[in-house]
Each structure stands twice: as structure tokens, then as C-alpha cells.
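First comes the structure, then the notes that go with it.
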Protein chains: 2
Amino acid sequence: MLVGAASWGIDSMTGTMPDSAIRPRKEFGKTIAADITHRLREEIITCALAPGEPLRFDVLRERFGASFTTLREALTALAAEGLVDAQEQRGYRVAPVSRRDLVEVTDARVLIEVELIRRSIERGDDDWEIAVISTLHRLKRIEQRDPEHPLRDPEWKIAHRQFHQALVSACGSATLLAIRAELFDRAERYRHLSANFRPRPRDKAGEHQAIMQAAIARNPDLAVQLIETHIRTTADNVAAYAGHLLDTE
Amino acid sequence: MLVGAASWGIDSMTGTMPDSAIRPRKEFGKTIAADITHRLREEIITCALAPGEPLRFDVLRERFGASFTTLREALTALAAEGLVDAQEQRGYRVAPVSRRDLVEVTDARVLIEVELIRRSIERGDDDWEIAVISTLHRLKRIEQRDPEHPLRDPEWKIAHRQFHQALVSACGSATLLAIRAELFDRAERYRHLSANFRPRPRDKAGEHQAIMQAAIARNPDLAVQLIETHIRTTADNVAAYAGHLLDTE
DNA sequence: AAGGATATGATTTTCGAAAATATAGGCGGG
DNA sequence: CCCGCCTATATTTTCGAAAATCATATCCTT
């Protein structure tokens, strides 16, 4: 899903509040459809809904307490984002995963993220620097507090997402940012897929620190190289630890 | 809208049949929602529905003969593609146009199309060469037959789209092809916007011919340079001839 | 027993009414 | 006279029933 002007793309950045908490039927100002889109997206990204799993309306209806139509609207939106697979006249299912798709998403992310980092470094102002530094700081704080299995911690996820978002936020193109956000979500699903099998997370803290420094130092070539390595090694890890889940198709 | 695997992206390539013709309520095998999505997309791209125009359900209901829900699903999908702007609780409207958006779309197209051309030239096989040559041939035939105002001719539009699609079709990434297709649609809307004011179309035939030759000759640097110029001069023409329509916002 | 048509059940897809929300116009108070 | 509140209307959003479609099992024919 691309974006008209700069409308949604953002909402996938706001993270999610724990479903266990007492929550209003829908968040303020949002339609039920938008809320369900958001909740479904989270469940798919975190693999609470497994790749390839059929999404039957009866089940969803009970789980989310919305009607056919509302659910259908949410599924349509997610299909446009590539997280749901629409099979005409035969319903929806969680988008399947595959080695090939992982490679495509990784390549596309590198292509776009590299460009956006360059533009951000060139155009970023003081506010941008502050955003990059502060989001990294928060991320590190969370990592210190609980250094194991960061993906399990929703707070780490949000902070991680916001740091990477901050890095490219000054690029000046809402269009490309929206594309980037979608690819980020699709990649994050693969990270979750492998998180359960990865014995121990590698030291991402150092990588993030280095990326931040290169960005603030306005060294585009170094920043780009670090980001590309960051993205590709993450994908390689997924392929290594979740490889057995990628050949189902 | 991005794509899950490789599902839709294609359908925006199939063109449209004249609405005046006697057509079945929906095309074979498609849901009504998918059909309406397709028809609405065409009307937005061709500016039959003007940029910024509100899309009220009563009006759409009469025009397309579908119910609220079905229309809503179509609008959701188009919002994900960036052709429709969803204003929470306040309905939908055709995505507005602006100079800034035109620049963003153009830049994004260059970034992605350039990469895909490179990959296609590197990976394209005999079938790819044949597709490139034959789609260009058809395009030239149509241009000879009726050399004025090509955008008015639906056949030219389809042929033009298919030629550019063929050029990048061997890139190997359904993900990037889907992104490219969306950006192409958004750019085509701007072309339509200026078509009514452009005194005479420039000689695109020569440019297409040169691009084809560079591609078949496996000269990526030249092909990339030609494509970039092609995209940017088209956008410049839009800005020049439809500039007065881009400052409404 | 194999193949194919048909009936049955499960599931998706569509519809229009009803509820929720926004917009516009009028009324009263400052 | 202008501003804010309140009511009336217009519009969107949601719902569950009904229609359409697909999947499965059964039965008939060869």
C-alpha cells in the first residue's frame, strides 16, 4: 500500500497497546475498521496469526467482535499492504512466507532505505539529529533493562521501529516513507518468525550506535554501508534460524 | 499498495473496456468489489473524477450500482494505492494533486524504475527481448494510425503501459514490480491532467525506440539514462502545462 | 470400481436498514 | 453585531440477514 499524501504510514509506527489491558472498543477518533486493521496487522507481524493461516470470517468475527463487512474492509487494507493474501471468492489468509519473498523484501528495503538515509543526512536539521539521538537513547535504555529476547518486549519493538524511522524521517518524501513503512512491517514479520529459534540475539546495540554516529557525522557513505549490512545480516539470520519455516510452500 | 506475493499489480495493466459497451454486471470470476475497484481506478487515473473531488456514497451508489459496503471496500483498496484520500469519519475524496506530490512520485519512480531496468537487462532472457520488441511494435502501430493526443486513445494507453511493463518485467522482484505499478498509475493521472492543455505531444516514439535499443543491446547505463530523462521530462511537461492545476492546495 | 453429475453444507460476498458521527443553520446571550 | 451552543439534517459507518459461490460427499451410470 502506498499513500495518497502522508496519511496513514504513520499509524504503523505508533505501536500497539497490550490487548490484555482494558481497552475501549475502539481508540478515540478511529473507526472500528481502522482499529481492527491495526490489531490484525500487529497479530500478523508478530506471527500470532501464522503465515498461510486461513482467515475465516466466523473466527475473526468472534475474535474481534466486528461484523463481516468491517472485517472485510480491514482485510482489504492489509491485502494491499502485502500482509494478507486475498483469494478471490475463496477468502483470505495470512500472507505466506518464503525464502524468495524474504529476499525480495530485503532487496527492496536496501534499495529504498539507502536512498532515504542519504537524503535524510543531506537534508536533516537540528530536530532530525535530536530525534535520531533520543530514539536511540531510549532504545538503549530498554535494552539495558532487559537484555534478552528484545522482540518479545513490545516496548523494545516500538523503540526500535522509531529509531529506524527517525533516521529516514528527514528524507522529504512521504511517498517513499510510506513504501518503506510497509516493507519494514513485512520484514519485521520475518524477524518474529525466527525470534523463537534464535538462541541469542546478536549485538544490535553496537550497530545502531554506529549508524547513529555516521548519520550525525553526516557521513552518508558509511551510514549507507552500515544500514545495508544491518538489514542484510538480519535477513541472513532469519534465513538461518527460521529456514525450516520458509520451505513450506 | 504493495503486494503480498504477486497477485494484483497486474490488473491495473489490463486496461479498461469502454463503459458504454454492454458489459456484464461484473467480469468473470471477479467479485463486484474488485470490479468496482478497477473501474474507479480508471476513472481516477483518467481524471474523469477530478482530483480532490469528494466521493460521496450516495453518488457512487447511483453511478456504480453497488451498496455502501462494496463501495467502501473499493475505496479502502484505492486509498491504499494512494489514489483516494480517506478522511476518517468524513468520507473519501479523490486524492488531491500537488506539485510536491508530483515531484515525490517522479523521484520515487526514477529510483525504482532505474533499478528494475538494470536488473531486467541483466537477467532478461529471449522471452523478455521478444516482449520488449513486440510491445514497442504494437505501440508504434497505434501511434501511426492516430498520431494525435495518444492519451485519449485507450488502446495507446494500454500499449504504452505494456511496453514499459515489459521493459522491467524480467527484474525478478514481484514486490518491486507492485510498487512500480502503483507509482506508474499515480504518474499517469498527472499525465492525463496535463493532456488537455498540452498543445501537441512531444515525440515519444523516438524515445521509446531508443530505450528499447539500449535494453536489447544490454547497455544498462544508457538505458537507465534514457529512462530517467523520459520520466523526468514527462513530469516537467506536466508541471509546465498543468501547473495552474497543481497549486489549488 | 471409476468417472462424473448432483445435492448438501460451509463460507464468502452483497445488500439495505439502523446506528453513529459530522455538518449546517438557527437561536440566545454577551 | 458577533460568538458559542444547540438542534436538525446530511453523511458516514456498522451491523446481521440474505444471496451467491465454493467445497465435499453422495449417488447414478457405464
Side-chain angles (χ1 to χ4, degrees), chain A residues 4-5 7-8 11 23-41 44 49-50 52-80 83-96, chain B residues 4-5 7-8 11 23-41 44 49-50 52-80 83-96:
Chain A
S7 40
W8 46 271
D11 96 340
R23 52 183 297 161
R25 181 172 179 76
K26 60 175 186 173
E27 290 170 41
F28 177 75
K30 286 187 173 181
T31 63
I32 294 180
D35 182 49
I36 289 186
T37 304
H38 187 258
R39 289 207 273 157
L40 253 174
R41 186 190 292 119
I44 292 173
L49 291 167
E53 186 175 338
L55 295 168
R56 297 232 171 71
F57 284 97
D58 291 333
V59 180
L60 297 176
R61 203 147 169 282
E62 189 178 4
R63 199 196 240 264
F64 292 99
S67 73
F68 298 103
T69 311
T70 307
L71 289 166
R72 177 162 260 271
E73 185 180 330
L75 290 172
T76 302
L78 292 171
L83 291 175
V84 157
D85 190 24
Q87 304 159 297
E88 207 108 301
Q89 309 278 31
R90 280 190 293 159
Y92 297 84
R93 58 175 179 167
V94 180
Chain B
S7 39
W8 47 272
D11 96 338
R23 52 182 298 161
R25 180 171 180 77
K26 61 175 186 173
E27 289 170 42
F28 178 75
K30 285 187 173 180
T31 63
I32 293 180
D35 182 48
I36 289 186
T37 304
H38 186 258
R39 288 206 273 157
L40 254 174
R41 185 190 293 117
I44 292 173
L49 291 166
E53 186 175 338
L55 296 168
R56 297 232 172 70
F57 283 97
D58 290 334
V59 181
L60 296 176
R61 205 149 167 282
E62 188 178 4
R63 197 194 241 266
F64 292 99
S67 72
F68 298 105
T69 312
T70 306
L71 289 165
R72 177 161 260 269
E73 186 181 330
L75 291 171
T76 303
L78 292 171
L83 291 174
V84 157
D85 190 24
Q87 305 160 297
E88 207 105 302
Q89 310 276 33
R90 282 190 290 160
Y92 297 83
R93 59 174 180 168
V94 179

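Sequence lines set the chain letters: A, B, ... in the order given, protein chains first and strands last, and positions in each chain run from 1.
Atom CZ in B:R93 sits roughly 14 Å away from atom P in D:dT12 (whole-Å rounding). Taking atom NZ of B:K30 as the reference point, atom P of C:dT13 lies 15 Å away to the nearest angstrom. Rounded to a whole Å, the CD atom of B:E73 is 15 Å from the C1' atom of D:dT14. The interatomic distance linking A:F64 (CZ) with D:dT14 (P) rounds to 15 Å, in whole Å. Note: CD1 (B:I36) to P (C:dT13) measures 14 Å, nearest angstrom. Here the P atom of nucleotide C:dT13 and the CG atom of B:L71 are 16 Å apart, to the nearest Å.
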Could you give the side-chain donor-acceptor pairs of residues 58-65 of chain A under 3.5 Å, partners two or more places apart or in another chain?
residue: A:R63; atom: NH1; partner: A:E43; partner atom: OE1; Å: 2.6
residue: A:R63; atom: NH1; partner: A:E43; partner atom: OE2; Å: 3.1

Nucleotide N/O to protein N/O under 3.5 Å, stretch nucleotides 8-12 of chain C:
residue: C:dT12; atom: OP2; partner: A:F57; partner atom: N; Å: 3.1

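Rounding to the nearest 0.5 Å places NZ of A:K30 at 6.5 Å from CG of A:D35. Going from atom CG of A:L55 over to atom CG of A:L78 covers 9.0 Å, rounded to the nearest 0.5 Å. Atoms CD1 and OG1, from A:I32 and A:T37 in turn, are 11.5 Å apart once rounded to the nearest 0.5 Å. Atom CG of residue A:L40 and atom CG of residue A:L75 lie 6.0 Å apart, to the nearest 0.5 angstrom. Annotation: the span from B:E88 atom CD to B:R90 atom CZ amounts to 10.0 Å, rounded to 0.5 Å.
Proximity of A:R61 to the phosphate of D:dC15: no side-chain N or O atom is located under 4.0 Å from OP1 or OP2.
With hydrogens and angles left out, the side chain of A:T69 and the base of C:dC15 share a donor-acceptor pair within 3.5 Å.
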